[in-house]
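Worksheet for the structure shown next.
Values below: all heavy atoms of this structure, side chains included; hydrogens, waters and symmetry mates excluded.
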Amino acid sequence: QVQLVESGGGLVQAGGSLRLSCAASGRAFSNYAMGWFRQAPGQEREFIAVISGSGGRTRYADFVKGRFTISRDNAKHTVYLQMNSLKPEDTAVYYCAADLWGITTTQADQYDYWGQGTQVTVSS
């Protein structure tokens with residue numbers, strides 16, 4: 001199985017930045033598409049971004065508006081989410097997910113493995 005561990009969340013002031021990391025197990029990490037999602041209380045899990053196994057293809061949700069960037073380092077088996085210009089409405093639990101089929105899907109139910117989540121809180 002694939003194990004995913006997120007880190008880097010915390011409390012930040014509006015306008016600030018955070019970089020989330022997701023460390024993954026698995027010898028075939030470079031074949032997996034890796035996605036980031038978030039979920040606020042009372043809301044459904046929401047797609048943020050996905051990156052292909054090679055890093056050559058990315059897709060973003062519209063609400064990112066150029067503020068967030070997804071990247072990966074296959075040598076380190078790690079995917080990142082750089083978040084700038086954070087807003088209070090970005091407050092949520094952030095999850096990384098792996099798609100072993102290697103497609104860059106935006107749908108949560110297409111992903112095979114999930115991390116435990118990391119809390120991001122943005123204060124005004």
Side-chain angles (χ1 to χ4, degrees):
Q1 72 277 12
V2 175
Q3 296 180 4
L4 307 174
V5 180
E6 302 98 332
S7 62
L11 176 65
V12 65
Q13 202 78 15
S17 297
L18 286 172
R19 188 178 75 159
L20 306 183
S21 299
C22 176
S25 68
R27 185 172 62 88
F29 175 77
S30 64
N31 294 331
Y32 311 154
M34 297 294 298
W36 284 99
F37 294 77
R38 69 186 187 185
Q39 188 166 22
Q43 300 186 22
E44 293 187 351
R45 193 162 297 186
E46 182 179 41
F47 169 78
I48 300 171
V50 62
I51 187 166
S52 63
S54 69
R57 176 175 171 82
T58 59
R59 300 176 70 179
Y60 292 92
D62 287 343
F63 69 79
V64 170
K65 299 177 180 178
R67 298 182 297 130
F68 295 179
T69 302
I70 189 171
S71 62
R72 68 191 295 159
D73 186 336
N74 285 341
K76 297 181 179 179
H77 286 199
T78 301
V79 63
Y80 305 95
L81 185 68
Q82 178 67 46
M83 305 189 295
N84 300 324
S85 301
L86 284 163
K87 306 173 182 179
E89 52 263 45
D90 293 318
T91 296
V93 177
Y94 284 69
Y95 299 89
C96 67
D99 172 18
L100 272 61
W101 295 104
I103 61 173
T104 53
T105 180
T106 65
Q107 299 186 82
D109 62 3
Q110 295 294 107
Y111 286 79
D112 302 295
Y113 295 96
W114 293 83
Q116 83 289 348
T118 186
Q119 177 70 47
V120 172
T121 302
V122 184
S123 62
S124 60

If you group Ile, Leu, Val, Met, Phe, Trp and Tyr whenever their side-chain heavy atoms sit less than 4.5 Å apart, what else falls in with F37? F47, V50, V93, Y95, Y111, W114

What I'd like to find out is whether the side chain of D112 reaches to under 4.5 Å of the side chain of V2, using heavy atoms alone. no

Those residues at least two apart in sequence (or on a different chain) that pass side-chain hydrogen bond (donor to acceptor under 3.5 Å, both in side chains) with T58 are none

Set of residues satisfying side-chain hydrogen bond (donor to acceptor under 3.5 Å, both in side chains) with respect to Q39, sequence neighbours excluded: R45

N/O donor to acceptor pairs below 3.5 angstrom from side-chain atoms of residues 4-11, sequence neighbours left out:
| from | atom 1 | to | atom 2 | distance (Å) |
| --- | --- | --- | --- | --- |
| E6 | OE1 | Q116 | N | 3.0 |
| E6 | OE1 | Q116 | NE2 | 3.4 |
| E6 | OE1 | G117 | N | 2.9 |
| E6 | OE2 | C96 | N | 2.9 |
| E6 | OE2 | G117 | N | 3.2 |

Residue pairs fulfilling salt bridge (charged side-chain N to carboxylate O under 4.0 Å, His left out) with at least one residue in residues 8-34, sequence neighbours excluded: none

Would you compute the distance between atom CG of L18 and atom CD of Q82 and round it to the nearest 0.5 angstrom? 8.5 Å

Not counting sequence neighbours, list each pair that qualifies as a side chain to side chain donor-acceptor pair (under 3.5 Å) and has a residue in residues 98-110. R57-T104

Applying side-chain hydrogen bond (donor to acceptor under 3.5 Å, both in side chains) to S30 and not counting sequence neighbours gives none

Which residues share a side-chain contact (heavy atoms from CB on, under 4.5 Å) with A28, sequence neighbours left out: N31, Y32

Please list, chain by chain and in numerical order, all residues satisfying side-chain contact (heavy atoms from CB on, under 4.5 Å) with A14, sequence neighbours excluded. P88, V122

By salt bridge (Lys or Arg N to Asp or Glu O under 4.0 Å), which residues pair with D90, not counting sequence neighbours? R38, R67

Which residue pairs pass the ring pair (Phe, Tyr, Trp, His ring centres under 6.0 Å) test when at least one of the two sits in residues 69-93, sequence neighbours left out? F29-H77

Less than 4.5 Å apart, any side-chain heavy atom of M83 and any of V64? no

Go through the structure and list residues passing side-chain hydrogen bond (donor to acceptor under 3.5 Å, both in side chains) with Q1, not counting sequence neighbours. none

If you count every heavy atom of other residues, nucleotides or ligands that lies below 6.0 Å from E89 atom CD, does the total exceed 12? yes

Surrounding NZ of K76 (heavy atoms of other residues, nucleotides or ligands, distance under 6.0 Å), is the total greater than 12? no

Interatomic distance, S52 atom OG to M34 atom CE [nearest 0.5 angstrom]: 12.0 Å

